[in-house]
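Lettering follows sequence order; numbering is per chain, from 1.
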Protein chains: 2
Amino acid sequence: MKQKVTLKQIANELDVSIGTVSKALRNSKEISEDTRQKVQAFAKLYNYRPNNIALSLKNRKTKTIGIIIPEIVHNFFSKVIRGIELVANKKGYNVIVGLSNESFSKEVINMEMLANGSIDGFILSTSKQTMLNQDYHHFTESINQGMPIVMFDRVISEIPCDKVIVDDFEGAKKAVEQLIAKGCGKIALITTKDYVSVGKLRTQGYLSALDSHKIEAAASLILKISEEYDSEDQLEGLESEIENLFKDNPDIDGVFAVNELYALSAMKVARKLNKTIPEDIQFIGFTDGMLAKHATPSLSTVSQHAQQMGEKSAELLIHRLEHEEEEESYQTVIIETELILRNSTQ
Amino acid sequence: MKQKVTLKQIANELDVSIGTVSKALRNSKEISEDTRQKVQAFAKLYNYRPNNIALSLKNRKTKTIGIIIPEIVHNFFSKVIRGIELVANKKGYNVIVGLSNESFSKEVINMEMLANGSIDGFILSTSKQTMLNQDYHHFTESINQGMPIVMFDRVISEIPCDKVIVDDFEGAKKAVEQLIAKGCGKIALITTKDYVSVGKLRTQGYLSALDSHKIEAAASLILKISEEYDSEDQLEGLESEIENLFKDNPDIDGVFAVNELYALSAMKVARKLNKTIPEDIQFIGFTDGMLAKHATPSLSTVSQHAQQMGEKSAELLIHRLEHEEEEESYQTVIIETELILRNSTQ
DNA sequence: TGTTAACACGCAAACGTTTTCGTTAAGAAT
DNA sequence: ATTCTTAACGAAAACGTTTGCGTGTTAACA
């Protein structure tokens with residue numbers, strides 16, 4: 001087992017000083033052609049690579065980005081990571097991932113674990129519990145200590161940092177307007193509880209679309225799912241809530257759901273109630289993931305361009321890291337949504 | 001912006017030496033009760049946290065695990081990551097993720113990027129291109145340099161390292177035997193090209209099941225999909241290949257597919273050809289992901305327990321990292337598959 | 001021959017820790 | 001009064017780099 005070779009070892013072997021070896025490898029003009037070649041040859045032979053940790057300590061930069069997300073088994077978040085990794089890697093950065101699992105304390109612990117020198121900056125999406133608690137001290141602290149943050153999707157408006165969001169309001173509005181254009185008059189909304197910022201915005205988009213087409217919104221048509229039904233193995237609860245919605249309002253002819261799962265479950269319930277899609281009732285979901293394309297019928301969705309969000313987040317963070325002196329003001333980038341029409345709409 | 005405080009700064013403020021501060025914080029008996037309290041109070045006030053990078057350099061351990069996977073937007077891999085992160089975090093480790101995107105060179109580059117001190121060990125699943133090339137020098141080098149590797153799912157048998165695999169052979173066999181038990185006599189196989197180790201093993205399981213029930217295997221019933229059709233937006237090619245299979249063999253009454261996507265596409269084609277599922281034709285797929293549960297009809301699958309694979313991989317790696325002196329022999333852990341029956345089978 | 005400039009290299013500090021090994025002073029023991 | 005012990009702390013090395021600066025050697029020049 002030939003261990004990693006260090007400058008010191010090379011220096012000893014070649015009877016020169018450590019500094020000389022370092023300079024020779026970096027092609028410093030201070031070093032003679034002779035020794036430079038000798039050192040480089042030796043280094044190549046022994047496959048010398050500078051130790052990242054030592055470099056990080058010296059430069060006070062790790063070239064590593066910390067990502068904190070609520071959940072990784074989720075098409076949206078994994079696409080964001082892919083986007084981040086793509087541009088990070090291109091610029092010589094690594095990404096280190098922490099999962100909050102929607103829990104406030106895990107979010108805090110993960111951030112503290114990484115903030116002590118392991119990374120140069122954060123890209124994160126807030127956990128639901130944090131939004132509920134409204135305790136943001138870990139974000140403020142990180143920023144105060146000079147560790148920049150980029151928030152995406154689930155952002156906190158009070159926190160001064162770069163943000164990348166999707167236009168949830170407009171996206172939802174576009175979707176509902178599409179339903180209206182296709183003849184829907186009684187459109188239900190399946191959404192989350194209000195403390196999830198994106199859910200709230202999408203709800204507002206839904207209301208706005210109705211309003212601008214003089215359709216009266218009805219509280220009975222809005223179903224707010226509590227998060228206990230979000231888990232993959234709690235589908236029955238979700239479905240029975242939806243079933244109640246349909247039974248209480250048998251004349252629903254359109255459904256807008258704030259995520260794929262809600263939309264698919266709703267379609268399932270509709271089929272069970274012998275409604276045909278899209279003739280009797282049409283569906284549009286938010287978030288264009290794996291499920292929508294392969295559903296039967298395939299689901300029309302509002303695509304968030306998750307990978308693009310990741311790419312943009314990484315660009316913002318890296319730019320800030322590499323132009324620290326300039327202290328630019330924080331920006332909020334809005335990624336356009338795109339309506340993808342499939343067979344769940346006419 | 002109060003920057004991170006260091007031992008040196010505390011030492012200066014309190015007019016003691018750096019060493020004293022360090023000892024005081026670690027409750028060394030060398031330090032008087034008096035100064036110990038003073039130092040600890042000061043440290044708490046300024047929220048002192050030891051710098052991870054400095055510790056890594058000193059201890060020659062980073063407490064970080066490198067994960068290299070072919071793709072992150074994939075239910076299986078993200079579940080594995082979740083498992084790894086779970087036990088890693090519990091044991092005080094971080095995880096840093098590199099994506100090979102199924103490319104050999106990206107796999108190599110990512111590993112080199114991490115191997116220079118950034119991590120203590122790898123958990124990885126080989127890219128397809130690497131399996132095709134059969135060039136494993138980056139694995140051997142890493143191991144030779146004392147950086148342990150744990151391979152999962154797509155493993156290389158020649159490489160001496162811990163491995164976590166699923167029993168692809170038995171899993172496939174169980175699935176096919178289930179089809180046979182439910183009355184299928186003409187069972188097609190939709191699989192990958194042979195260089196993907198898991199695809200090969202699953203194919204062998206299929207053949208073995210047929211053989212042990214005296215059913216003759218027919219080459220015409222085995223469809224090997226080339227990887228160019230694996231991308232999400234190349235579904236048409238995949239579907240037309242499957243359609244040909246069905247048209248050439250109209251009496252197929254069972255299909256075993258080595259992944260979810262193939263199975264779902266096959267079901268879609270079957271529906272298009274006016275076959276009813278599961279009466280006319282039954283389906284079982286490998287890998288229990290998001291799609292299977294939500295397909296119509298829901299797809300029976302062979303579950304790989306991805307998260308458990310991740311957990312086991314992390315346990316193996318961390319155990320080896322923390323018992324380096326003992327030089328235990330390498331083990332291969334087999335995670336049992338589980339047949340999950342849904343509505344695509346009778 | 002003496003001065004100077006360029007060249008080639010070594011030294012040492014710095015990044016932030018931990019830890020071993022002194023060192024000092026006070027008090028106890030002889 | 002002298003030696004010994006012990007408590008409490010400081011100094012310095014080490015982890016692996018990079019880099020500014022000092023220095024010795026050589027060759028060129030006056």
Side-chain angles (χ1 to χ4, degrees), chain A residues 3-40 42-43 46-64 92 114-120 145-147, chain B residues 3-40 42-43 46-64 92 114-120 145-147:
Chain A
Q3 277 285 354
K4 297 242 64 170
V5 59
T6 70
L7 288 186
K8 188 197 275 196
Q9 292 169 28
I10 301 183
N12 283 339
E13 292 294 322
L14 265 48
D15 262 320
V16 289
S17 80
I18 294 180
T20 303
V21 176
S22 175
K23 287 171 188 166
L25 290 175
R26 323 195 103 255
N27 286 319
S28 158
K29 291 215 66 180
E30 275 185 57
I31 305 301
S32 73
E33 189 59 26
D34 221 36
T35 46
R36 200 195 309 179
Q37 300 224 347
K38 211 167 47 180
V39 170
Q40 295 198 354
F42 192 93
Y46 281 86
N47 194 31
Y48 169 78
R49 294 274 180 276
N51 181 304
N52 272 335
I53 297 291
L55 285 179
S56 295
L57 185 59
K58 183 141 198 19
N59 303 331
R60 269 92 119 351
K61 300 210 169 163
T62 61
K63 287 242 157 196
T64 303
L114 298 182
N116 303 318
S118 300
I119 59 163
D120 295 339
Q145 299 200 342
M147 167 112 30
Chain B
Q3 276 285 353
K4 296 243 65 172
V5 58
T6 70
L7 289 185
K8 189 197 275 196
Q9 293 169 28
I10 300 184
N12 282 339
E13 291 295 322
L14 266 48
D15 262 320
V16 290
S17 78
I18 294 180
T20 303
V21 177
S22 174
K23 288 171 190 166
L25 290 175
R26 322 196 103 256
N27 286 319
S28 159
K29 292 213 62 177
E30 276 186 59
I31 305 300
S32 73
E33 189 59 24
D34 221 36
T35 46
R36 201 194 307 177
Q37 301 224 347
K38 211 168 47 182
V39 170
Q40 295 196 355
F42 192 93
Y46 282 86
N47 193 30
Y48 169 79
R49 294 276 179 274
N51 181 303
N52 271 334
I53 296 291
L55 285 179
S56 296
L57 185 59
K58 182 134 198 20
N59 303 331
R60 266 93 99 29
K61 300 208 170 165
T62 62
K63 287 245 161 195
T64 303
L114 298 182
N116 304 316
S118 301
I119 61 164
D120 294 340
Q145 298 199 342
M147 167 110 30

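A/Asn52 is not listed as a side-chain neighbour of A/Lys63, based on a closest heavy-atom distance of 4.5 Å or more.
Checking the phosphate oxygens (OP1, OP2) of C/dC9, a side-chain nitrogen or oxygen of A/Thr35 falls inside 4.0 Å. OP1 or OP2 of D/dG10 sits under 4.0 Å from a side-chain N or O of B/Ser17.
Looking at A/Thr62, its side chain does come within 3.5 Å of a backbone N or O of A/Ser118 through a donor-acceptor pair.
Remark: P of C/dC7 and CZ of A/Arg36 are 12 Å apart, rounded to the nearest angstrom. Between A/Asn12 atom CG and C/dG10 atom P the separation is 12 Å, expressed in whole Å. Between the CG atom of A/Asn27 and the P atom of C/dA8 there is a distance of 14 Å, rounded to whole Å. Residue B/Lys4 contributes atom NZ, which lies 14 Å from atom C1' of C/dT17 at whole-angstrom precision. One interatomic measurement links the two molecules: CG of A/Leu25 to P of C/dC9, which rounds to 13 Å at whole-angstrom precision. C/dC7 atom C1' lies 10 Å from atom CD1 of A/Ile31, rounded to whole Å.
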> In B/S/- notation, 5' to 3', how is nucleotides 15-24 of chain D contacted by protein heavy atoms closer than 4.0 Å?
Replying inline: BBBBBBB---

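Between A/Val21 and the choices A/Thr6, A/Val39, A/Leu14, A/Ile31, the side chain to side chain contact (heavy atoms under 4.5 Å, CB included) rule is met once, by A/Val39.
The local environment of CG in A/Asp34 is sparse, with at most 12 non-hydrogen atoms from other residues, nucleotides or ligands closer than 6.0 Å.
Annotation for A/Gly117 and B/Ile53: closest pair O-CG1, 3.1 Å, computed over non-hydrogen atoms.
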> Step by step, would you call B/Gln145 with A/Asn47 a side-chain contact (heavy atoms from CB on, under 4.5 Å)?
Replying inline: CA-CA 11 Å; B/Gln145 298 199 342; A/Asn47 194 31; 4.0 Å; yes

